[in-house]
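Okay, structure first, notes after.
Numbered from 1 within each chain, the chains take letters A, B, ... in sequence-line order.
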There are 2 protein chains.
Amino acid sequence: MAKFQTVDIGRSASAASIIFAALRRAIVEGDLADGEPLRQDEIARSFNTSRIPVREALTMLEQQGLVKTERYKGAVVAGLSMAEATEIFDFRALVEAEVMRRSVPNMTTEVLDTARACLERFAAGSDPMQYGDLNREFHETLYRASALPYHLGVIENAMDRIDRYLRAQLVLSDGMDRARREHLVILDACAKGEAERAASLTAEHIRGARDSLAEHMGAGSR
Amino acid sequence: MAKFQTVDIGRSASAASIIFAALRRAIVEGDLADGEPLRQDEIARSFNTSRIPVREALTMLEQQGLVKTERYKGAVVAGLSMAEATEIFDFRALVEAEVMRRSVPNMTTEVLDTARACLERFAAGSDPMQYGDLNREFHETLYRASALPYHLGVIENAMDRIDRYLRAQLVLSDGMDRARREHLVILDACAKGEAERAASLTAEHIRGARDSLAEHMGAGSR
DNA sequence: ATATTGAATATTGGATCCAATATCCGATAC
DNA sequence: GTATCGGATATTGGATCCAATATTCAATAT
């Protein structure tokens, strides 16, 4: 049709979506502490907008479970109790194992190479704060082969809820080494086309993180 | 503490949440057709509010995947392609089976009685439009015993996305009879404490609905 | 000294207003 | 007659304003 690169401006960023993305990132990465209040006015000032797009961003965050709002009191970053975090890990183990099972038959060598590159960057880079991003990228690369967008969305949301805790735990223990090893084994199973093994390794990988978190965090927040 | 019944007014309904609930219901039950545009002005007039709470409700609906919004074009009811619907049924089969497995050990006779009562009302009532509500109530009653609130939330969202199609399919076939029979068998497994059987019956129940829908709807929308 | 009250301030939810974009429709060129 | 252009209207996104509620804190009573 058109002889030039086009961009869907219709879907391009509204002020609200920009603010949402920024706040989401800050919460997911743990830059905003659990329970910290999010003042509309303050956020509006820092983005140079009115409070309207801020409010829209906050309702989006609330729908995702990342903040809790009380009428006339405002939004605070939503923390997780240990029970809630554990439940989300179990959920991830269930869903991600199934997605992995259905991904393996579709994995091209390109997918495997991309995932492998992830692990290499992971091994090279020592910045522990970057681990979270690479971890997500590795898993998402493999899962995307499943062509199950709804599942991917649900997984992403679950990850958002626990990512901070995961990051916190990883720097405090041998979590990074262990993740590295497990990722290699998972990738190996994928490369060999062993879907069932890749699935159960994935489930174990996630349950291991769950247990490690439970150990290091004890009774936990809230 | 207080010697009288209290209500958490802080969480009580804002205009936005009332509008959200009404629109959600209309979409989930199929009163609003796929692709139908939702005009802010019109909705605001019918609730006697300004457009502000309407916009908030629409962003909530968008986060739930029930409407799609394009900048400066507004929101339309989000339909599902057959592939998308199928994927959500598969997701439900996976998650609901697991929740059922973990519910069974916790089921009190009270839970079982409540579920049984559901089925009886179901058998008695002939209103096919009420089937959807009773179906959800039956499943939710059983699942609640799992004490897995995150899982329940995710299941609820998945149900919201496909409920209309389920309802449409049920009135057009022997779906109601079949659902009745399958529900009885599931409840029987629960009553006998056979968690694994209840789980696999649940998965089959859902996959059956998926296939029935695929048959009756063919290539489907979008 | 501590608990309670009430005024002052801060903050949110909603209404109204304005700017940006989309949609519709008639005019015009071919 | 059909396709394209340009203005009129409709609709959304964001800014500003107002009302309702929460929070703070000083004054007072016990």
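Rounded to an integer number of Å, the gap from OH of A:Tyr72 to P of D:dC18 is 17 Å. The separation between B:Ile43 atom CD1 and C:dG14 atom C1' is 17 Å, rounded to whole Å. If you measure from atom CZ of A:Arg71 to atom P of D:dT23, you get 14 Å, rounded to the nearest angstrom. The interatomic distance linking A:Glu56 (CD) with D:dT12 (C1') rounds to 11 Å, in whole Å. The nearest whole Å value for the distance from the CD atom in B:Glu70 to the C1' atom in D:dT11 is 14 Å. Taking atom CZ of B:Phe20 as the reference point, atom P of C:dG13 lies 16 Å away to the nearest angstrom. The nearest whole Å value for the distance from the CG atom in B:Asp41 to the C1' atom in D:dT12 is 10 Å.
For A:Phe91, the ring-ring contact (aromatic ring centres under 6.0 Å, His included) criterion is met by B:Tyr150, B:His151, not counting sequence neighbours.
Each end of the helix from C:dA1-D:dT30 to C:dC30-D:dG1 gets its own rotation axis from five pairs of C1' atoms, and the angle between them is 10° to the nearest 10 degrees.
The side chain of B:Lys73 sits closest to C:dA22 out of D:dT12, C:dA22, C:dT12. Across C:dT11, D:dG14, C:dG13, the shortest atom-to-atom separation from the side chain of A:Arg39 is found for C:dT11.
Closest of all the heavy-atom pairs between A:Leu187 and A:Ala115 is CD1-CB, 3.9 Å. For A:Asp160 against A:Gln64, the heavy-atom pair with the smallest separation is OD2-OE1, 4.4 Å.
The residue B:Arg55 sits close to a base: some heavy atom pair falls under 4.0 Å. B:Leu58 comes within 4.0 angstrom of no nucleic acid atom, judged by non-hydrogen atoms across all strands.
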### Query
What do the steps show when you test A:Glu42 against A:Arg45 for salt bridge (Lys or Arg N to Asp or Glu O under 4.0 Å), and what is the final call?
CA-CA 5 Å; A:Glu42 186 182 345; A:Arg45 267 197 307 276; 5.8 Å; no
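The distance from atom CZ of B:Arg167 to atom CD of B:Glu29, rounded to the nearest 0.5 Å, is 4.5 Å.
Note on B:Gln40: every side-chain N or O is 4.0 Å or more away from OP1 and OP2 of D:dA10.
We find that B:Glu156 and B:Arg24 are joined by a salt bridge, their nearest charged nitrogen and carboxylate oxygen being less than 4.0 Å apart. Salt-bridge formation is detected for the pair B:Arg116/B:Asp113: a Lys NZ or Arg NE/NH1/NH2 atom is positioned less than 4.0 Å from an Asp or Glu carboxylate oxygen.
No donor-acceptor contact under 3.5 angstrom links the side chains of A:Thr59 and B:Glu56, judged on distance only.
A:Ile162 pairs with exactly one of A:Gln169, A:Arg210, A:Glu84, A:Arg92 by the side-chain contact (heavy atoms from CB on, under 4.5 Å) rule, that one being A:Arg92.
Proximity of residues 45-54 of chain B to DNA chain C (heavy atom under 4.0 angstrom from any strand atom) is restricted to B:Thr49, B:Ser50, B:Arg51, B:Ile52, B:Pro53.
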